[in-house]
Amino acid sequence: MKPPKFCSNFNSSPETAQEVLRSSLLKALSSAKNTSQLRALHSWIIISGLGLSVVFSGKLISKYAQLKDPISSVSVFRTVSPTRNVYQWNSIIRALTRNGLFTQALGYYTEMRETKLQPDAYTFPSVINSCARLLDLKMGRVVHEHVEEMGFESDLYIGNALIDMYCRFGDLEKARYMFDEMSDRDSVSWNSLISGYCSNGFWEEALDMYHKSRMSGIVPDCFTMSSVLLACGSLTAVEEGLKIHGVIEKIGIGGDIVTGNGLLSMYFKFERPRETGRVFAEMAAKDSVTWNTMICGYSQLGWHEESVKLFMAMKDEFAPDVLSVTSTIRACGHLGDLRIGKKSLTQ
DNA sequence: CTGCAGTATG
């Protein structure tokens, strides 16, 4: 008879000890905070003889990538190479993609196919993503063909990645076609298309899709709103913008920095600096985009004192960008205050 | 044991 579960830690049979070691290493692996912790853990994994295991090598590859050390991901992958395990290939392709090494990611994908190893549904999202970010239309088309050859076209994640890819290619018709053909859609599908319409300047279409998404019962989130606020601002759709602000408050995502920044810039485009000021004052978390948006917005509306004040307040915490520096210098010129202008640049 | 989406601009 097996010992009861709560006793298993005290059982010293070799199997169980190995299991305990495995699970503590896995737990430690997922909570590693930086690369030096991870390297220490990595050596323990090797000492325990688990370095070549599929699960541990895959997790090490992903963890190094998560900590922005894709070179180490590659070196782990080398220790298990050559491998015919798809999970390990997926891990290295994803590791390179998430660190912006798109060409290298596609290189591994090509190499994988050359070894006649079949990709699976998890392989494609990162591969499609790499094609998208490289604006590699040719490779994108080829990969899309692979997806269809393998019958993965109804996979939700792959479909969403394809929508995003065609949006980045500027082919909104194809993106829309992908969206319409999907057997099921989630909020990422809707958000990808809405954001694609926005980044290509199709503001009305973006708002139209937003309304369709609401009618289909999708609850908007911060991704939706960051796109839709931009559309309202660009169209100076004041009424719609106010309505969307109301929805943001109602569903409680006003605390999201990107959403807050979207509200700031929309109200500046509406030339409603008082609303902007109110939103700014209520923002619990601010980043450099927040400050730069405020400084440039006030300066554009001729509120020079406000913009200089904000510049002085931000520069201890965040680095101002070129634009807020130039607009502050201009603001100082308008105020006829050379002292502040000089101070704000030298301090 | 893995995969997809977001912000400001003299």
Side-chain angles (χ1 to χ4, degrees), chain A residues 26 29-30 53-63 65-66 85-95 97-98 105 119-130 132-133 147 152 155-165 167-168 175 178-179 182 185-199 206 213 220-231 233-234 253 256-269 276 280 286-300 307 320-331 333:
Chain A
L26 274 178
L29 199 46
S30 66
S53 94
V54 170
V55 171
F56 277 93
S57 58
K59 284 218 170 275
L60 281 167
I61 292 170
S62 317
K63 198 66 193 185
Q66 189 191 323
N85 182 281
V86 185
Y87 170 60
Q88 290 171 327
W89 281 96
N90 292 349
S91 300
I92 190 63
I93 293 172
R94 167 76 184 129
T97 302
R98 71 183 293 169
D120 66 9
Y122 287 88
T123 317
F124 287 104
S126 356
V127 174
I128 294 168
N129 211 300
S130 283
R133 309 296 276 258
V147 167
F152 287 137
D155 183 281
L156 182 60
Y157 280 69
I158 295 176
N160 289 346
L162 286 170
I163 292 176
D164 175 65
M165 181 182 82
C167 286
R168 287 181 197 266
M178 289 289 123
F179 179 87
M182 285 174 99
R185 309 177 184 94
D186 64 1
S187 60
V188 178
S189 327
W190 287 93
N191 289 344
S192 303
L193 193 59
I194 292 173
S195 120
Y197 278 132
C198 280
S199 49
S213 80
D221 58 16
C222 11
F223 289 92
T224 324
M225 292 319 198
S226 62
S227 298
V228 167
L229 290 171
L230 185 67
S234 308
I253 55 170
D256 178 66
I257 296 190
V258 180
T259 305
N261 292 344
L263 282 170
L264 298 179
S265 105
M266 181 184 78
Y267 281 124
F268 272 131
K269 286 181 187 147
T276 314
F280 179 76
K286 302 175 171 71
D287 64 4
S288 65
V289 176
T290 315
W291 290 94
N292 288 320
T293 304
M294 293 302 290
I295 292 164
C296 296
Y298 278 141
S299 139
Q300 254 185 331
S307 88
D321 66 1
V322 204
L323 242 62
S324 47
V325 172
T326 41
S327 53
T328 303
I329 294 173
R330 252 210 350 262

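Neither OP1 nor OP2 of dC4(B) sits under 4.0 Å from any side-chain N or O of Arg185(A). In this model, the phosphate group of dC1(B) is not approached by any side-chain N or O of Arg94(A) to a distance below 4.0 Å at OP1 or OP2. Asn85(A) has no side-chain polar atom (N or O) that falls below the 4.0 Å cut-off from OP1 or OP2 of dT2(B). In terms of phosphate contacts, Gln300(A) brings no side-chain nitrogen or oxygen within less than 4.0 Å of OP1 or OP2 of dT9(B).
Among the atoms of the strands shown, only primed sugar atoms or phosphate atoms (P, OP1, OP2) are found under 4.0 Å from some heavy atom of Lys269(A). Across all strands shown, Ser91(A) has no heavy atoms under 4.0 Å from either base or sugar-phosphate atoms. Leu229(A) comes within contact range of no nucleotide atom at all, as no heavy-atom separation falls under 4.0 Å. Residue-level contact check: Thr290(A) touches neither bases nor backbone, having no heavy atom under 4.0 Å from any strand. Ser195(A) comes within 4.0 angstrom of sugar-phosphate atoms only, judged by non-hydrogen atoms across all strands, and of no base. Residue contacts for Ser62(A): at a heavy-atom cut-off of 4.0 Å it reaches no nucleic acid atom on any strand shown. Within the nucleic acid shown, Asn129(A) comes within 4.0 Å of sugar-phosphate atoms alone, with no base atom in reach, counting heavy atoms only.
At whole-Å resolution of the value, CD1 in Ile92(A) and P in dG3(B) are 13 Å apart. Remark: C1' of dA5(B) and CG of Asp256(A) are 13 Å apart, rounded to the nearest angstrom. Between Leu264(A) atom CG and dA8(B) atom C1' there is a gap of 9 Å when expressed in whole angstrom units. If you take OH of Tyr197(A) and C1' of dG6(B), they are 18 Å apart, rounded to a whole angstrom. Per the geometry, CZ belonging to Arg98(A) stands 13 Å off C1' belonging to dC4(B), to the nearest Å. dC1(B) atom P lies 15 Å from atom CD of Gln66(A), rounded to whole Å. When rounded to the nearest whole Å, the span between CE of Met165(A) and P of dA5(B) equals 13 Å. For the pair Leu162(A) CG and dA5(B) C1', the interatomic distance rounds to 14 Å; values are reported in whole Å.
Set against dC1(B), dA8(B), dC4(B), the side chain of Tyr87(A) has dC1(B) as its closest nucleotide. Among the nucleotides dT7(B), dC4(B), dT2(B), the one closest to the side chain of Ala161(A) is dC4(B). In the set dT7(B), dA5(B), dT2(B), the nucleotide with an atom closest to the side chain of Asp287(A) is dT7(B). With dG3(B), dG6(B), dA8(B) as the choices, the nucleotide that has an atom nearest any side-chain atom of Ala121(A) turns out to be dG3(B). Comparing dC1(B), dA5(B), dG6(B) by their nearest atom to the side chain of Leu26(A) picks out dC1(B). The side chain of Val258(A) lies closest to dT7(B), out of dA5(B), dT7(B), dG3(B). Checking dA5(B), dA8(B), dC1(B) against the side-chain heavy atoms of Asp221(A) singles out dA5(B) as nearest. Candidate nucleotides dC1(B), dA8(B), dG3(B) were compared by shortest atom distance to the side chain of Tyr122(A), and dG3(B) ranks first.
Of all heavy-atom pairs spanning Cys167(A) and Ser192(A), the tightest one is SG-O, 3.9 Å. In plain terms, the two heavy atoms of Ser307(A) and Tyr298(A) that are nearest each other are CB-CB, 3.8 Å.
Using a 4.5 Å heavy-atom threshold, the side chains of Ser62(A) and Arg94(A) count as separate. Counting heavy atoms from C-beta outward, Phe56(A) and Leu29(A) have side chains that approach closer than 4.5 Å. Within the 4.5 Å cutoff, no side-chain heavy atoms of Ile257(A) are placed close to those of Val289(A).
In this view, Ser195(A) satisfies the side chain to side chain donor-acceptor pair (under 3.5 Å) rule with no residue, not counting sequence neighbours.
Evaluation of Phe223(A) against the base of dG6(B) yields no stacking contact (centre distance < 5.5 Å, interplanar angle < 30° required).
The base of dG3(B) lies outside donor-acceptor range of the side chain of Asn160(A), with no N or O pair under 3.5 Å.
No hydrogens or angles considered: nothing links the side chains of Asn129(A) and Ser126(A) as a donor-acceptor pair under 3.5 Å.
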